[in-house]
Amino acid sequence: MLEKTYRPAEVEEKHYRLWEESGAFAADTTSNARPYTIMMPPPNVTGSLHMGHALTFTLQDLLIRYQRMRGKDALWQPGTDHAGIATQMVVERNLSAEGKTRHDLGRDRFIDKVWEWKAESGGTITRQLRRLGASPDWGKERFTMDEGLSKAVRKVFVELHRQGLIYKDKRLVNWDPKLHTAISDLEVEQREIKGNLWHFRYPIEGEEGRWIVVATTRPETMLGDTGVAVHPEDERYRDLIGKHVVLPLVGRRIPIVADEYADPETGSGAVKITPAHDFNDFEVGKRCGLEAINIMDRDARLTDAVPEAYRGLDRYEARKKVVADLEALGLLETIEPHTHMVPHGDRSGVAIEPWLTDQWYVDAATLAKPAIEAVESGRTVFVPKQWENTYFEWMRNIQPWCISRQIWWGHQIPAWYGPDGTVFVEETEEEAQARADAHYGAPTPLTRDADVLDTWFSSALWPFSTLGWPDRTPELARYYPTDVLVTGFDIIFFWVARMMMMGIHFMGDVPFRTVYIHALVRDEKGQKMSKSKGNVMDPLDLIESYGTDALRFTLAAMAAQGRDIKLATNRVEGYRNFATKLWNAARYCQMNACVPVDGFRPTGLTQTVNRWIVGELAETARKVAESIEAYKFNEAAGTLYQFTWGTFCDWYLEFTKPILTGNDAPAAAETRATTALVLDQILHLLHPLMPYITEELWEQLAEGRANRLISAAWPEYGPELVDTAARDEMDWVVRLISSVRSMRSEMNVPPSAQIPLMLKDAGAVSLKRLDTHRDQILRLARLASAEPLAGDVPKGAVQDVLDEVTLVLPLEGVVDLDKERARLTKEIEKHTAEIRKIDAKLGNEQFVAKAPEEVIEEQRERRATAQQASDKLRKALEMLAR
RNA sequence: GGGCGAUUAGCUCAGCGGUAGAGCGUCUCGUUUACACCGAGAAUGUCGGGGGUUCGAUCCCCUCAUCGCCCA
């Protein structure tokens, strides 16, 4: 016998272990089944499970379990990425606790430390994924720093370099002065900073007492100014173009140039140009032939390129001093408070310094072209479609991708330099050496490029590197391209776009047919969850409190397309209750010996109620499958919730109680078999959403199952199971019972009072239905009898209308007549309002002329129904008149 | 500044050219042998404002307002 309530903690671990040990998660490369593949977006190896993970992996697991049950050879490819900067930071933090830096260890020993750390702590997130019930093929788990994946990275780098699509260039990069590395545009976040706009006077050369005012948010950069720009159309400065100013504090003679970058509306209209420390200024400098003077070092301290007084100052100290010194010289015109966006490193949180360095770049614009075309032509489809715009927008304006990082943890760039700086890019040191020796004509010592690649460079190869590329493995042939990528919109640029570029370039086909973009999970007030706000909900806490299935069901139920999820714990609680409801329904079935009958086919059933529930089941199965395949997870969840609770538990189980305890043995047997079948099928349908409770019930409800639910077949029924006559009939019974219950409740008839029901004007069909279902009706409406009314309606009766029938509850002496009059009046008003509305429509010539026939017919029918009801109710009201 | 999205019951959200829905919450009733993490019943909406298209608009179009996100 099942326990009284479901206790998730007691079964989750057991089932997960059994699933994994039985090989249920593993894809079968040799099978004849059609493959279905999802590439798990590899979580960061330093990460731990947050709500966003819980959502994305729940949805992926739902899809995988569903397709697995549909008989596909389902591959959900798991793994983690090495998160270069984040991981290095973690390990460096640990070292600093011992008072050491990575430089104390040296590169090799530091890398060993990182691997040690990974072995100890890198498995956190994959362990947590297991608690979520995720069912990826763990045997195929990959890590971006694995040997195989590293080989893929080297090969891609070398090939792209040969094709001229990777190159080294000296450009301004986003330099992180704290982490001492370049980062890509995407790793920079703009933060709003309250600062100032300082207006400085730059004296014009040769014109005593005349100056030009420039405005800047970064005074310290003026030490590297090599020009002043004004708009060519700006009348105020026209005569100054071509002249020079003498840069204060420095004494450098710098030109005034005309460039449209200077905005006459902003500040003074003149702008100082520091080509080496500002992206816009860099472009102006290039256009106007200005020198780029690098005045900062890797820590963003001033170099020897500035006057001695400023050397070695941090950029913010330098700012203060520059302002003070200019003020002392009378060259500070005004200070204007100014709020502006300042780029910050997303990992370090410090302001980024545009810095002129040599870095490796990918020619993203070239690779983007076919990736854009693939989405335009529909070879890859975004769901919801609107995200294609985001993708196009970024891809069409894509900048060169800076891929080199000045850190140690990552794929070291396979480039070696000869003594004269000649670069040899090869997959191995041996090949590079051979090339170099040939080049120089003698054995020549080489130095390897010290930089590593952006982590996303290796992630971009994930859809094929995990399958064995560059080797031509059976997995690669079978599972690429994958079916769907499931991820959040925040990762479209970082990852989706880059996988598209690399996949198409190296595999000749898109990496996935569909990209499903889901929502972000927010707190119940709609705010993004963050540690600093203290509003994070830990999925593991929710799992502790409510069980994994409740969390999963909640996330799926709230995953409506194109909308963020505001998660409140009471929703999770509600779905925990749903799990308990299911559990108790199963317990009831067990108590009533409703066990699955081998070979039982739900066709040719004798009991209307059984034909009805089987039809509803078939409809539910169809709708759920349809919803999942359309990525409408909320609909799938809603349909299942409604059917399980609202139809099966609330009505079917109640309807069949009299049959189970009655004398008709064949009917009882049929009903037991049907009940067991429907419950069993509910477990199947719910399994992708609630794997644990369904597996547990499946195990407990029958002895000696040949397999586990995870490996069972998805229910597929044809439309022949849907019996519309049975549906109409049961619908009538439901409406009758509801009506009686409502009258009783409104008239305050105690639930314990068994009263008679009389049916006035009942037609043959209604009378037959009444006879068939009398037992159910008496029980569920708590009636003493239900008979056709012969003769007049008794005095003081309560009445309601059900199609052509008037339902009569003789309650003389019990009824509060005023209350009943009020109730009837209200009902009548409802119907007459309806009639009025319909008459207005039908009286409109245009409507009758232009609306489709079936709409007009429907209106006529509705009018007739309302008219009938209101007539009958009016009669009932008249009878109550004194 | 450009783009996207949202605005529906007290709350969280579905829906959608032709009866406005769910869950939670609220109120009333309930020791019916699966379930109080339950059952029965009830109340609650000018579907953000204003225009337009249409026989008909919560839904399509325009506009305004408010909020959120992304990009500059």
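FYI, side chains are in, hydrogens and waters are out, and symmetry mates aren't considered; it's all heavy atoms of this structure.
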- Considering non-hydrogen atoms only, spot the tightest contact between A:L811 and A:V749 and give its length. CD1-CG2, 4.0 Å

- Query: Counting any heavy atom closer than 4.0 Å, what does A:K632 reach on the DNA or RNA strands: base, sugar-phosphate only, or nothing?
  - Reply: nothing

- Query: Could A:R218 and A:E353 be called an ion pair, given the rule that one side-chain N must be under 4.0 Å from one carboxylate O?
  - Reply: yes

- Task: Let me have a per-nucleotide readout for nucleotides 38-47 of chain B, 5' to 3', with B, S or -, counting only protein heavy atoms under 4.0 Å.
- Result: SSSSSS----

- Residue A:K837, side-chain heavy atoms: nucleotide from B:G18, B:A34, B:A20 that is nearest: B:A20

- Centroid-centroid under 6.0 Å between A:F382 and A:Y516 rings: no

- Message: Of the listed nucleotides (B:G23, B:C35, B:A34), which one gets closest to any side-chain atom of A:A585?
- Response: B:A34

- Would A:R863 and A:Q867 count as having a side-chain donor-acceptor pair, cut-off 3.5 Å? yes

- Identify whether any heavy atom of A:R782 sits under 4.0 Å from a base atom; if not, whether one sits that close to sugar-phosphate; answer base, sugar-phosphate or nothing. base

Identify each donor-acceptor pair in which a side-chain atom of residues 655-662 of chain A lies under 3.5 Å from a protein atom, sequence neighbours left out, and give them as a table.
residue : atom : partner : partner atom : Å
A:T656  : OG1  : A:Y652  : O            : 2.9
A:T656  : OG1  : A:L653  : O            : 3.3
A:K657  : NZ   : A:E654  : OE1          : 3.2
A:K657  : NZ   : A:E654  : OE2          : 3.2
A:T661  : OG1  : A:K657  : O            : 3.1
A:T661  : OG1  : A:P658  : O            : 3.4

- Message: Regarding A:E388 and A:K385, does a basic nitrogen lie under 4.0 Å from an acidic carboxylate oxygen?
- Response: yes

- For RNA chain B, the dot-bracket notation using Watson-Crick and G-U wobble pairs below 3.5 Å, [ ] for pseudoknot-type crossings and | for other-strand pairs, is (((((((..((((....[..)))).(((((.......))))).....(((((..]....)))))))))))).

- Message: Applying a 4.0 Å non-hydrogen cut-off, can you work out what A:P750 is touching in the nucleic acid: base, sugar-phosphate, or nothing?
- Response: nothing

- Message: By the 4.0 Å heavy-atom rule, please label A:C589 as base, sugar-phosphate, or nothing.
- Response: nothing

- So does A:R576 pair up with A:D549, basic N to acidic O under 4.0 Å? no

- So does A:E654 reach the base of B:A34 with its side chain, donor to acceptor, closer than 3.5 Å? yes

- Which whole-number value in Å describes the distance from A:E635 CD to B:C13 C1'? 13 Å

- Identify, between A:Q642 and A:N844, the residue whose nearest nucleotide on RNA chain B lies closer to the 5' end. A:Q642

- Please determine if A:R823 and A:E829 form a salt bridge, counting it only when a charged side-chain N lies under 4.0 Å from a carboxylate O. no

- With a 3.5 Å cut-off and just heavy-atom distances, do the side chain of A:R587 and the base of B:C35 make a donor-acceptor pair? no

- A:N592 and A:T675 side chains, donor-acceptor separation under 3.5 Å: no

- Note on the structure: To the nearest angstrom, the CD-P distance between A:E393 and B:G5 comes to 14 Å

- Query: From the list B:U19, B:G5, B:C55, which nucleotide is the closest neighbour of the side chain of A:Q386?
  - Reply: B:G5

- Item | A:Y6 or A:R862, whichever maps to the more 5' nucleotide of RNA chain B | A:R862

- So which nucleotide from B:C37, B:U19, B:A34 ends up closest to the side chain of A:T5? B:C37

